[in-house]
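To start, the structure under review is shown below, and the notes come after it.
Remember, it's a predicted structure, so these values are computed and weren't measured experimentally.
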Amino acid sequence: MAQQQGRYCSCGTRLARDNHGERCTTCQRKTIALDVARPPIVPPDFWQHDRMHEALVSWHMGQVFYAYRTHPWHGRVLSQELMASWLDLNQAQLSRIESGKPPQDLGKLMRWAHSLKIPAELLWFKLPDVRGATATAVVAARPVPEDPASKPEVPLAGGLLPVVVNGRAVLVPIDAETIATSGLGSFVGTPADASAAHTTERDPMSPLNRRDLLKSGVAAVALPGLGLDELNHVAHALDDAHRYLDGPVVDYFRRVLDKAKRDDGALGPRKTLPVMLALLGAVESQAREVKPDVRRELLAVGSDGAEFAGWLYRDIQQPQAAVFWYDRAMEWAQEADNAAMQGYVLLKKSQMAYDERDALRMLTLAQAAGHDRWQLPARVRAEVTQQEALGRAMLGDPLDVVRGQLAAAEALLTHAPEDEPDSLGAYFNGHTRLVRDAITYTEAGKPSLAVDLFSDVLSAGVLSRRDTGFFNARRAAALALSGEPDEAAQVGKASALVAHEVTSERTVRVLGEVLSTLDRWRSRPAVREFRESLTA
């Protein structure tokens, strides 16, 4: 691939030289100079940044490329064109690698790793000049700094009570109110804290550390209103599942799951995932010992939790871990004879295919989810119908066909029973439907219609903080496509603040696409501020 000569700004513009030195004609200021022919020499801590570390443990070189381009060390997002020139690719090829499935060609992976000078010990494959490394070397776990944001949050400042059962201590969660009213404060601390520290000393986002987290059971989970009798019962169940794990304990696990779902919108995946992995570890281990009828109940809760864990991994852009948990959710739902959950997982896999821009797979999965055999609740059938409309929009079906399916989804949701007992799809309401309609209209080439729908819902203030950030990113995309660069940049900047706060890599990825759309307006002050906020 022919290379242009000269030095380039980190925004991708060739630097001009004047009496004061090199200057970027786009940014109108001195900035980090990059040689278009080769990547810069980065410091060692460049590879330890949270976003870069998460990309490396995903085993997806496209995510590594994206994390490299958006790394705050550069001062701004590097263009795909500039990075492609370093890798002997063109912009379209790099875009497909970043948004597609993980590349498997070992020769290309080694060449790209050499080009970017990625430390060999951080790679999941062997470089030819690394002696003594095994052919299947995995990512080395880095030390995690003491960062409160990386620890599981216990909202009520509860703790873990070491309850002695059959001669050994079992750590059981207990909330602050019970501690205060029962005088148990002196008993809550040393063993529990030690276990919690063990649970959080590793990066909970890494799928490689999953089994270590599973071993800690329900450590670091706290629920309000857990009385001492219940506490003792849960402790016995964790020690002797066959004898003590029954309906009330399964209900306790369900309450842990429901609370994690409620917390997710405000706290984000980094604080919710450790709790979920601990809960799923308890389900996975205890299901081997319980009675058959209790096992089915327990696996029904486990399938719901595994589906939720899949969603959390989607939010931090770790698709391989998400697929693992979606597959586990399907397996447990089948064993629990939960047909609705099986159809629901197919819907979630269809939505994940949208993340990967695989329109055909997305459509066929949505159609499979809509089969009568799953006996889906009305709200989920409405969501499946809307998902099929989105797939048809991406594949270029006529707008009338897309609108017809959106209308069918609206009718299904309107006539859904208010007291429908099944919790599946409970989040899918009129506001959720409208923002999903807006995404569909954007894909159908009608971004101006999408902008109005996004604005109506977001101005109502009914979405969680995480969802507000994500749909503001989608709104910014629609504004950019509508030719409104300044407003798109302002909305994108607000979305970036939320995305960084709740660690939503899915939102960051959408904002990266918005920035690419705004590239022709990159010299406008609002767009420059948006670019800087995204890399902050």
Side-chain angles (χ1 to χ4, degrees), residues 50-51 53-54 144-160 173-177 192-193 196-197 199-207 209-210 213 216 218-226 252-282 304-318 321-322 325 348 423 426-427 431-432 458 461-473 494-511 536:
D50 286 346
R51 198 176 304 162
H53 177 65
E54 289 167 7
V144 178
E146 285 296 321
D147 179 7
S150 68
K151 297 183 179 181
E153 177 150 326
V154 183
L156 289 179
L160 295 171
I174 181 171
D175 65 278
E177 182 181 355
D193 291 345
T199 302
T200 57
E201 69 184 2
R202 298 172 178 82
D203 184 352
M205 302 297 103
S206 171
N209 294 325
R210 185 180 70 86
L213 279 165
S216 63
V218 290
V221 181
L223 280 177
L226 188 66
Y252 167 75
F253 285 169
R254 166 65 68 185
R255 288 155 58 200
V256 172
L257 172 59
D258 290 344
K259 188 176 190 311
K261 288 182 177 181
R262 292 195 302 270
D263 288 345
D264 173 48
L267 302 179
R270 184 173 295 278
K271 296 180 181 179
T272 308
L273 253 175
V275 172
M276 283 311 305
L277 294 179
L279 174 64
L280 291 170
D304 193 355
E307 180 278 315
F308 180 53
W311 150 248
L312 293 172
Y313 275 112
R314 277 178 58 202
D315 199 22
I316 60 171
Q317 293 293 291
Q318 289 195 13
W325 284 113
K348 295 295 138 179
S423 63
Y427 61 87
H431 298 294
T432 311
L458 290 166
V462 294
L463 302 178
S464 70
R465 181 157 178 76
R466 191 268 317 286
D467 288 349
T468 297
F470 175 72
F471 288 115
N472 256 331
S495 174
L497 292 174
V498 177
H500 292 320
E501 178 184 327
V502 301
T503 326
S504 177
E505 292 297 323
R506 189 175 65 124
T507 303
V508 172
R509 182 173 180 176
V510 173
L511 292 173

Nearest-0.5 Å distance, CG of residue Leu312 to OG1 of residue Thr272: 6.0 Å
Between OG1 of Thr503 and CD of Gln317, what distance do you get to the nearest 0.5 Å? 13.0 Å
Under 4.0 Å between a side-chain nitrogen and a carboxylate oxygen: does that hold for Asp263 and Lys271? no
Sub-4.5 Å side-chain heavy-atom contact between Met276 and Lys261: no
On a heavy-atom basis, the closest approach of Thr507 and Gly469 is CG2-O, 3.7 Å
Looking at every non-hydrogen atom in both residues, tell me the closest pair between Leu280 and Ala306 and how far apart they are. CD2-N, 3.6 Å
Could you pull out the closest heavy-atom pair between Tyr427 and Thr432, with the gap in Å? O-OG1, 2.9 Å
If I compare all heavy atoms of Gly310 with all of Ala322, which pair ends up nearest, and what's the gap? O-CB, 3.4 Å
Which heavy atom of Arg506 sits nearest to which heavy atom of Arg314, and what is that distance? CB-O, 4.0 Å
CG/Asp315 to CZ/Phe470 distance, rounded to the nearest 0.5 angstrom? 8.5 Å
Which heavy-atom pair separates Leu273 from Tyr313 by the least distance, and what is that distance? CD2-CE1, 3.7 Å
How long is the straight-line distance from CG of Asp264 back to CZ of Arg262, given to the nearest 0.5 Å? 12.0 Å
For residues Ser504 and Val498, determine if any side-chain heavy atom of one lies less than 4.5 Å from a side-chain heavy atom of the other. no
If you round to the nearest 0.5 Å, how far is CD1 of Ile316 from CG of Asp50? 11.0 Å
Quick check for you: to the nearest 0.5 Å, what is the distance between Asp258 atom CG and Phe308 atom CZ? 10.0 Å
